[in-house]
Novice: 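Pasting a structure below so you can have a look.
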2 protein chains.
Amino acid sequence: MGFRNCDDDVVDRPSVTTIHDVAREAHVGESTVSRVLRGQGAVSEKARDRVLSAVRKLGYVPNRIAGTLASSGSRLVALVIPSITNIVFSDVLAAAAPTLTALGQQAVFAVTDYDLDAEERLIESMLAWRPSGIIVAGVEHTPRSIAMLRGSGVRIAEILDAESSGIDIVVGFSNTAAGRESARFLLSRGKRRIGYVGHDLTRDLRAGKRHKGFCQALADGDQRVVDAEIVPALSSIELGRDSLARLLERTPDLDAVYFANDDLAIGGLFHCMANGIAVPDRLALMGYNGLDVGRLAPRPLSTVRTPRRRIGELAATLVCSQQPSQVCDVGFELIEGATV
Amino acid sequence: MGFRNCDDDVVDRPSVTTIHDVAREAHVGESTVSRVLRGQGAVSEKARDRVLSAVRKLGYVPNRIAGTLASSGSRLVALVIPSITNIVFSDVLAAAAPTLTALGQQAVFAVTDYDLDAEERLIESMLAWRPSGIIVAGVEHTPRSIAMLRGSGVRIAEILDAESSGIDIVVGFSNTAAGRESARFLLSRGKRRIGYVGHDLTRDLRAGKRHKGFCQALADGDQRVVDAEIVPALSSIELGRDSLARLLERTPDLDAVYFANDDLAIGGLFHCMANGIAVPDRLALMGYNGLDVGRLAPRPLSTVRTPRRRIGELAATLVCSQQPSQVCDVGFELIEGATV
DNA sequence: CTGAAAGCGCTAACAA
DNA sequence: TTGTTAGCGCTTTCAG
């Protein structure tokens, strides 16, 4: 039980400074303090000064928890993403965070590890903070996730995938189309013995869509993936290097390999460089993401560049706006590079 | 003004479901609902079932804002870091986040962009959420930051630097020592014409300390940095590549270059590979961080590996613990690699 | 085992 | 321009 409001002069009260203490120190009412601190409502010069110096003197830091409860507006935007080490998501975060800050919001995030059930739990726990918006990766979610999101009344942005309409705002591009373009590019360069290196497609749904688009486009050209090395692990440079080694051991006559992303492709490129495999003459390599490391490699990686920062910015902006629900396809760009 | 507690049967009340609604639906008191939801206090099987099905039926999501205000325990841990795209920090985050989740805490973060004044503002805004702990990069902060942190009463962990004692918990290693070891390693391999490539040392304070340690150790061996290329920009592969190019143009007879970090060093390595500069015979390269991309490059990068994930885990654990204030030096490891 | 009631610290009418 | 007051939705005594 708190004695605060019963007796202001109780001696043993080691609690944190509140607006009440500031008001007493400044000899004004609590609401005046509140007005000064929020810069709203008319307050006399005098009162303002007294409040400000009381704040400084007491080292008062407003309690946003209480403020939010009273005003119902948390100024918190939640980001629910599959991974944080994957540069795709850290780029999105890196762009979204300052945008949100500029809009007076604070970013909170949670990592699902590519698990839709974990995502469901995290969405629920984020919603418990009554955020003003939620940004979540992809458009695939559990039915309960969708129901919670729909029922929450907060703005939702689904990002990095824009093939279908979503719950509210969708910002991304077509992964299927990205896969398709990559296949067409390889075919246009005369590649016919094409392999694939990927990680867990049932978890990384967007990589799965690229794979699908890739296979479709090959089929349209009367071709197919000759051999594939798919390891259900987190994608990494190491995985790409080892996977390509295994793939080539099994099927040495491939003339091109499509990787699920640039991390894997860079690993593949390193394998080739370390083993004297001529790229692209003997073997062509194609990645996806358009990472710096690929662009700047001694032999620039052929890949598809995605506007990740733009997506982060746009999602952050829209989620804080009054814009109608919409799907924003920001597209992607095929980078020819020098490995195909 | 809310009518909720005046009249439960008002028609036009489109507000979110509260514990009050659940209590009514389940025909129990609000406190019973609270007990069931928090799994605390004795509740009869019957009441529990009724509450649970009411929760499900109404799609109730508890309001943590209110819960926190009432119980004074936000279960929020704030992370204040300089950058999110820098793998060092995303690794720390990636390790800290699940550790915090396991401890029943939620991670919130803010990015300072290596600016101590921005850090001060962000610390204040984080403190306003009354987190149970704060994890912040480095031990250098503005006086006001330190005062706020000290006065907040929450646990503080300062990470990635363990040369001095800090406010509360410190988890890291000596950057000066890391720089020193790197210099000794180059000297031990007979390098004498040593150059340096770095980014903004006044902002990246830890890079500055490594540079200092490096120079000291060279001086101890009667050597010095022959030429340096320091560009006050964000470190990147591109910057490393371009900087090395400029450095070599100016001082072609260098036999080794120390880079402020692996991103820069990888850029340097790419420059050498693309321009036929023999590494390490003609030019030795030394980085810092121990990134995957360096370890897996065709020629593994010589570098210093730092236990970033361990730091993230440890800081998260300690900040949630009752352990006494302490400095944890988790050390680092020199990786010989093949570029020196 | 259960419910009523008193706050948590702040904001937002409203009255002065 | 200012202070008073009634909540925001939940937790936590305290009686029953």
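Hydrogens, waters and symmetry mates are skipped; everything else that's a heavy atom, side chains included, is used. Reminder, nothing fancy here: chain letters follow the sequence lines and each chain counts from 1.
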Novice: To the nearest 10 degrees, how far apart in direction are the end axes of the helix from C:dC1-D:dG16 to C:dA16-D:dT1, each fit to five base pairs?
Specialist: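 End axes: 40° apart.
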
Novice: Output all residues satisfying side chain to side chain contact (heavy atoms under 4.5 Å, CB included) with B:A96, sequence neighbours left out; order by chain, then residue number.
Specialist: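 Expected list: B:L79, B:A316.
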
Novice: Tell me, which pairs form a salt bridge (charged side-chain N to carboxylate O under 4.0 Å, His left out) where one or both residues lie in residues 94-111 of chain B, sequence neighbours left out?
Specialist: none

Novice: How close or far is atom P of D:dG3 from atom CZ of A:R50, stated in whole angstroms?
Specialist: 8 Å

Novice: Test of understanding: with side chain to side chain contact (heavy atoms under 4.5 Å, CB included), list the residues that count as partners of B:L314, not counting sequence neighbours.
Specialist: B:V171, B:R310, B:L318, B:C328, B:V330

Novice: Find the distance B:H20:NE2 to C:dA5:P and express it as a whole number of Å.
Specialist: 13 Å

Novice: Send over the distance from A:I19 CD1 to C:dG7 P, rounded to a whole Å.
Specialist: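 It works out to 19 Å between those atoms.
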
Novice: Using atom CD of A:Q40 as one end and atom C1' of C:dT11 as the other, report the distance to the nearest whole Å.
Specialist: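 Going from A:Q40 (CD) to C:dT11 (C1'), I get 10 Å.
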
Novice: Under the side chain to side chain contact (heavy atoms under 4.5 Å, CB included) rule, collect the residues that match up with B:E25, sequence neighbours excluded.
Specialist: B:A54, B:K57, B:L58

Novice: Under the side chain to side chain contact (heavy atoms under 4.5 Å, CB included) test against B:V92, which residue among B:I135, B:I159, B:I81 passes?
Specialist: B:I159

Novice: Across the strands shown, which category fits A:A23 at heavy-atom distances under 4.0 angstrom: base, sugar-phosphate, nothing?
Specialist: nothing

Novice: Determine which pairs satisfy salt bridge (charged side-chain N to carboxylate O under 4.0 Å, His left out) with at least one residue from residues 65-81 of chain A, sequence neighbours left out, and list them in order.
Specialist: none

Novice: Does B:A26 offer a backbone N or O that forms a donor-acceptor pair with the side chain of B:R50 under 3.5 Å?
Specialist: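 A pair under 3.5 Å: yes.
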
Novice: Excluding sequence neighbours, so at least two apart, what forms side chain to side chain contact (heavy atoms under 4.5 Å, CB included) with B:A95?
Specialist: B:R309, B:E313

Novice: Give me each pair satisfying side-chain hydrogen bond (donor to acceptor under 3.5 Å, both in side chains) with a member in residues 97-115 of chain A, each pair once, sequence neighbours excluded.
Specialist: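 Found A:N86-A:Y114, A:Q105-A:S132.
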
Novice: Please enumerate all residues that pass ring-ring contact (aromatic ring centres under 6.0 Å, His included) together with B:F89, with sequence neighbours excluded.
Specialist: none

Novice: Over how many whole Å does the gap from B:R130 atom CZ to D:dT11 atom P extend?
Specialist: 19 Å

Novice: Give me the residues of residues 56-71 of chain B where at least one heavy atom lies under 4.0 Å from an atom of DNA chain C, by number, or none.
Specialist: B:L69, B:A70

Novice: Going by salt bridge (charged side-chain N to carboxylate O under 4.0 Å, His left out), name the pairs with one or both residues in residues 143-156 of chain A, residues two or more places apart or in two chains.
Specialist: A:E120-A:R144, A:E124-A:R144, A:R155-A:D168

Novice: Give the rounded distance in Å between these two atoms: CG of A:D21 and P of C:dC8.
Specialist: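 Spelled out: CG on A:D21 to P on C:dC8 is 12 Å.
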
Novice: Could you tell me the separation between the CD atom of A:E30 and the P atom of D:dC8, rounded to a whole number of Å?
Specialist: 18 Å

Novice: For DNA chain C, which residues in residues 31-39 of chain A have a heavy atom at a distance below 4.0 Å?
Specialist: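 By residue number: A:S31, A:S34, A:R35, A:R38.
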
